[in-house]
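A quick write-up on the structure given underneath.
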Amino acid sequence: MVDTRSSVIKGAGMITVEEFARLARLSRRQIDRLRERRPAGFPREYELGSGDSKYRRCPRFRLAEVERWLDSRALW
């Protein structure tokens with residue numbers, strides 16, 4: 001079985017919302033709801049790109065923060 005976390009861009013510090021959803025085994029819609037509510041401990045979002053209409057904003061998350069959040073939610 002392949003570890004899902006290691007299949008995300010190796011060595012990259014930032015991941016997309018879609019990659020976050022895949023790691024968390026949640027839908028993109030569920031991640032978007034969490035982004036709106038901002039529960040305690042939820043990873044900070046970073047906007048890449050510019051506000052210029054020519055370029056689309058690309059929200060990213062730090063992989064280390066996402067992994068910490070996922071570990072804090074682990075059921076043992």
Side-chain angles (χ1 to χ4, degrees):
M1 183 170 146
V2 176
D3 181 23
T4 314
R5 293 183 189 185
S6 63
S7 67
V8 175
I9 309 169
K10 292 188 180 205
M14 305 295 274
I15 61 172
T16 65
V17 178
E18 288 81 11
E19 290 167 330
F20 186 171
R22 193 175 20 194
L23 282 172
R25 295 184 179 160
L26 297 171
S27 69
R28 165 69 193 251
R29 187 172 179 179
Q30 289 171 306
I31 295 295
D32 288 339
R33 286 184 191 138
L34 288 166
R35 288 172 59 204
E36 287 175 12
R37 283 185 275 164
R38 290 277 166 220
F42 190 76
R44 181 174 172 219
E45 187 174 314
Y46 298 87
E47 291 287 337
L48 301 183
S50 69
D52 187 15
S53 61
K54 184 177 178 182
Y55 300 101
R56 197 177 109 217
R57 289 183 171 210
C58 303
R60 307 279 184 191
F61 295 88
R62 286 193 174 151
L63 181 57
E65 292 176 10
V66 169
E67 288 178 331
R68 261 193 309 274
W69 182 75
L70 291 172
D71 288 344
S72 74
R73 296 176 43 89
L75 299 175
W76 300 100

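Numbers here simply count residues along the sequence, with the first being 1.
- Once rounded to the nearest 0.5 Å, the distance linking CD1 of I31 with CG of L26 reads 4.5 Å.
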Q | Test log, rule side chain to side chain contact (heavy atoms under 4.5 Å, CB included), inputs T16 and E19 | A | CA-CA 5 Å; T16 65; E19 290 167 330; 3.3 Å; yes
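- For the atom pair E67 CD and I15 CD1, the distance stands at 8.0 Å (nearest 0.5 Å).
- Minimum interatomic distance between P43 and V66 (heavy atoms only, all atoms of both residues): CG-CA, 3.9 Å.
- Partner of E45 under the salt bridge (Lys or Arg N to Asp or Glu O under 4.0 Å) criterion, out of R62, R60, R35: R35 alone.
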**Q.** Verdict with supporting geometry, F20 and Y46, ring pair (Phe, Tyr, Trp, His ring centres under 6.0 Å)
**A.** CA-CA 13 Å; F20 186 171; Y46 298 87; over 10 Å; no
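- Salt bridge status for E18 with R28: present, with a side-chain N to carboxylate O gap under 4.0 Å.
- Here the side chain of Q30 pairs a donor or acceptor atom with the backbone of S27 at under 3.5 angstrom.
- Although no hydrogens or angles enter the test, the distance criterion places no donor-acceptor pair under 3.5 Å between the side chain of E36 and the main chain of R33.
- One distance of note links CG of D71 with CZ of R68; it measures 9.5 Å at 0.5 Å rounding.
- Residues L34 and P39 share a closest heavy-atom pair of O-CD, 3.4 Å.
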